[in-house]
Amino acid sequence: MRLSRYFLPILKENPKEAEIVSHRLMLRGGMIRQEGAGIYAFLPLGLRVLNKICAIVREEQNRSGAIELLMPTLQSADLWRESGRYDAYGKEMLRLKDRHERDMLYGPTNEEMITEIFRAYVRSYKDLPLNLYHIQTKFRDEVRPRFGVMRGREFLMKDAYSFDLDEKGARHSYNKMFVAYLRTFARLSLKSIPMRAETGPIGGDLSHEFIILASTGESEVFCHRGYLTMETPAADVNFDDTAAIARIVADWTSHYAATSDMHEAAKFDALPEAARVSARGIEVGHIFYFGTKYSEPMKAVVNGPDGKEHLIHGGSYGIGPSRLVAAIIEASHDEAGMIWPEAVAPFAVGLANLKPGDAACDGACGRIYSELAAKGVDVLYDDRDERPGAKFATLDLIGLPHQAIVGPKSLAEGKVELKDRRSGERELVSVEAAIAKLGGKA
RNA sequence: CGGGGUAUAGCGCAGCCCGGUAGCGCGGAAGUUUUGGGUACUUCAGGCCGCAGGUUCGAAUCCUGCUACCCCGACCA
């Protein structure tokens with residue numbers, strides 16, 4: 001993509017409303033635009049990151065055996081009256097009426113709807129286990145939205161819902177998601193720590209929050225240092241191996257880890273001094289087992305091997321991709337701007353032409369750009385008629401992991417400069433070497 | 001939902017006390033200059049001064065009401 005033809009509204013100054021670094025950088029980097037309290041448009045650069053996050057979330061959901069569908073954002077109030085949550089949910093739920101004065105709502109979550117879909121079709125235990133998920137816009141009318149997309153009212157959520165014959169099966173479904181989440185966050189270059197959590201308004205008796213550590217995180221967390229070095233489950237882990245999956249979960253829940261509301265100071269203080277990590281964190285995922293909470297009022301039953309009807313045991317599993325965009329920035333930035341992990345970078349390479357109009361610079365850039373494009377590498381080519389300083393600042397701000405800098409000075413020696421955004425390391429290499437080196441970043 | 005605050009050009013702000021018809025910096029356009037870390041200078045464009053009422057010869061400025069947004073707290077992917 002040529003920057004001169006792209007839509008990247010960069011801000012030089014800090015918008016005053018942005019308190020935390022991710023919000024500030026997302027606004028400055030032209031990734032989002034606020035359209036109302038807690039409501040944001042994703043601009044092209046932001047959307048690229050969001051889509052990459054969603055793609056990874058999908059891959060890991062699919063790998064674990066979950067199946068994607070897509071439910072509507074608007075739901076009928078009657079569905080929620082069945083579960084009793086229409087009255088229970090409170091003002092956080094956006095309620096509206098259609099032209100026939102029917103009560104509708106903009107879904108804050110989809111347990112009722114997925115249960116309705118499930119009960120309409122599934123009759124036999126032989127069709128279980130089943131885990132259905134979608135990635136869809138949610139609306140929760142938070143009293144106080146803040147921190148940009150970190151706590152918006154409208155946000156994107158991946159929510160999965162598992163259905164099992166009994167609690168034993170449901171626990172395995174829960175464990176599968178647990179493992180899928182560990183893999184998902186690891187692929188996003190996030191160090192996630194599962195912590196025992198309150199089950200909140202959704203209910204149930206087993207729940208974990210996945211917290212990532214970030215100095216600017218919103219909540220206080222306490223955990224064992226062991227979590228920082230634990231190994232992520234491998235890509236070829238067998239999700240059907242109940243015992244193996246349970247072992248991974250047992251391993252990942254063996255150490256102390258709690259948010260401030262679940263914190264037990266005595267247990268934490270009993271840990272060796274060196275093992276104690278007290279830090280700030282951001283919740284990026286939340287999983288629940290809630291048993292028959294919805295199947296009972298909504299009569300979601302299947303015939304079991306015993307010929308009798310059984311209420312299904314359910315769980316739900318959320319990840320907030322839009323929040324993750326901000327969370328990754330919180331965990332990965334510096335004074336100059338964002339630093340994207342390769343897996344979610346909006347472009348893999350930023351190519352800066354320091355002197356557009358100069359035949360040698362244009363030629364070298366054109367060659368690098370087209371040859372990398374041919375190899376499937378996403379390149380953002382800054383071909384604007386701007387000062388070098390402005391280009392460096394822009395590239396640093398938007399945090400593309402690799403920068404290729406082409407200027408008359410180094411080009412006189414046949415070299416271009418490659419800069420690693422994260423480490424700041426630079427090296428002068430030939431055009432050919434630059435193409436070879438960056439060509440593997442597709 | 002309680003407490004506090006702000007609304008003036010795309011962004012950041014001044015002007016408001018003490019009414020006289022709007023200004024600065026950044027950004028944008030044109031030009032000269034400059035060319036490896038947001039260059040300098042010149043010119044230009046851009047505002048129902050959040051909305052609605054009121055007071056006044058005259059309101060960005062004073063009064064009343066409304067709305068939006070932000071911050072702190074309680075709640076949340």
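Basis for what follows: all heavy atoms, side chains included, without hydrogens, waters or symmetry-related copies. Below, chains carry the letters A, B, ... as their sequence lines are ordered, and counting in each starts from 1.
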Which label fits [X] and [Y]: parallel for a plane angle under 30°, tilted from 30 to 60°, or perpendicular past 60°?
{"X": "A/Phe288", "Y": "A/His286", "result": "parallel"}
{"X": "A/Phe222", "Y": "A/His263", "result": "parallel"}
{"X": "A/Tyr227", "Y": "A/His255", "result": "perpendicular"}
{"X": "A/Phe268", "Y": "A/Tyr256", "result": "tilted"}

Rounded to the Å, how far apart are [X] [atom1] and [N] [atom2]?
{"X": "A/Arg421", "N": "B/G37", "atom1": "CZ", "atom2": "P", "result": "17 Å"}
{"X": "A/Glu35", "N": "B/A68", "atom1": "CD", "atom2": "C1'", "result": "14 Å"}
{"X": "A/Lys415", "N": "B/G36", "atom1": "NZ", "atom2": "C1'", "result": "17 Å"}
{"X": "A/Leu156", "N": "B/C76", "atom1": "CG", "atom2": "P", "result": "21 Å"}
{"X": "A/Leu411", "N": "B/U35", "atom1": "CG", "atom2": "P", "result": "18 Å"}
{"X": "A/Arg146", "N": "B/A77", "atom1": "CZ", "atom2": "P", "result": "14 Å"}
{"X": "A/Arg140", "N": "B/C1", "atom1": "CZ", "atom2": "C1'", "result": "19 Å"}
{"X": "A/Gln136", "N": "B/A77", "atom1": "CD", "atom2": "P", "result": "16 Å"}

Backbone of A/Leu228 reached by a side-chain donor or acceptor of A/Lys191 within 3.5 Å | yes
Please evaluate the base of [N] for a donor-acceptor partner in the side chain of [X] within a cut-off of under 3.5 Å?
{"X": "A/Arg426", "N": "B/G37", "result": "yes"}
{"X": "A/Glu386", "N": "B/G38", "result": "no"}
{"X": "A/Arg151", "N": "B/C76", "result": "yes"}
{"X": "A/Asp396", "N": "B/G37", "result": "yes"}

A/Tyr89/A/Trp80 under ring-ring contact (aromatic ring centres under 6.0 Å, His included): CA gap, chis, key distance, verdict = CA-CA 9 Å; A/Tyr89 217 92; A/Trp80 285 63; 5.6 Å; yes
Base, sugar-phosphate, or nothing for [X], non-hydrogen atoms under 4.0 angstrom?
{"X": "A/Gly318", "value": "nothing"}
{"X": "A/Gln34", "value": "sugar-phosphate"}
{"X": "A/Glu142", "value": "base"}
{"X": "A/Gly152", "value": "base"}
{"X": "A/Ser322", "value": "nothing"}

Would you check if there is a donor-acceptor pair between the side chains of A/Glu112 and A/Ser83 at a distance under 3.5 Å?
-> yes
For the residue pair A/Tyr294 and A/Arg85, confirm or rule out a side-chain donor-acceptor distance under 3.5 Å.
-> yes
Residue mapping more 5' on RNA chain B - nearest nucleotide basis, A/Ala336 or A/Glu283 | A/Ala336
Upstream residue (5' side of RNA chain B) when A/Arg387 and A/Lys16 are each assigned their closest nucleotide |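 Between the two, 5'-proximity favours A/Lys16.
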Is the aromatic ring centre of A/Phe392 closer than 5.5 Å to the centre of the six-membered base ring of B/G36, with the two planes inclined by less than 30°?
-> no
Considering only the [atom1] atoms, how many Å lie between [N] and [M], rounded to the nearest integer?
{"N": "B/G53", "M": "B/G12", "atom1": "P", "answer": "28 Å"}
{"N": "B/U21", "M": "B/C57", "atom1": "C1'", "answer": "13 Å"}
{"N": "B/C49", "M": "B/C24", "atom1": "C1'", "answer": "15 Å"}
{"N": "B/C11", "M": "B/G50", "atom1": "P", "answer": "14 Å"}
{"N": "B/C17", "M": "B/C63", "atom1": "P", "answer": "9 Å"}

Quick one: which of [options] gets closest to the side chain of [X]?
{"X": "A/Ala393", "options": "B/G37, B/G38, B/G36", "result": "B/G38"}
{"X": "A/Ala37", "options": "B/G12, B/C69, B/C75", "result": "B/C69"}
{"X": "A/Val143", "options": "B/G12, B/G38, B/C75", "result": "B/C75"}
{"X": "A/Pro15", "options": "B/G38, B/G12, B/G37", "result": "B/G12"}
{"X": "A/Lys91", "options": "B/C69, B/C1, B/U35", "result": "B/C1"}
{"X": "A/Arg144", "options": "B/C70, B/C76, B/A74", "result": "B/A74"}

In residues 340-363 of chain A, which ones come under 4.0 Å of RNA chain B, going by heavy atoms?
->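 Output list: A/Leu354.
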So does A/Arg384 pair up with A/Asp382, basic N to acidic O under 4.0 Å?
-> yes
Got A/Asp103 and A/Arg95 here, is their nearest side-chain heavy-atom distance under 4.5 Å?
->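 No; the side chains remain at least 4.5 Å from each other.
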Does A/Lys12 make a side-chain N or O approach to OP1 or OP2 of B/G27 shorter than 4.0 Å?
-> yes
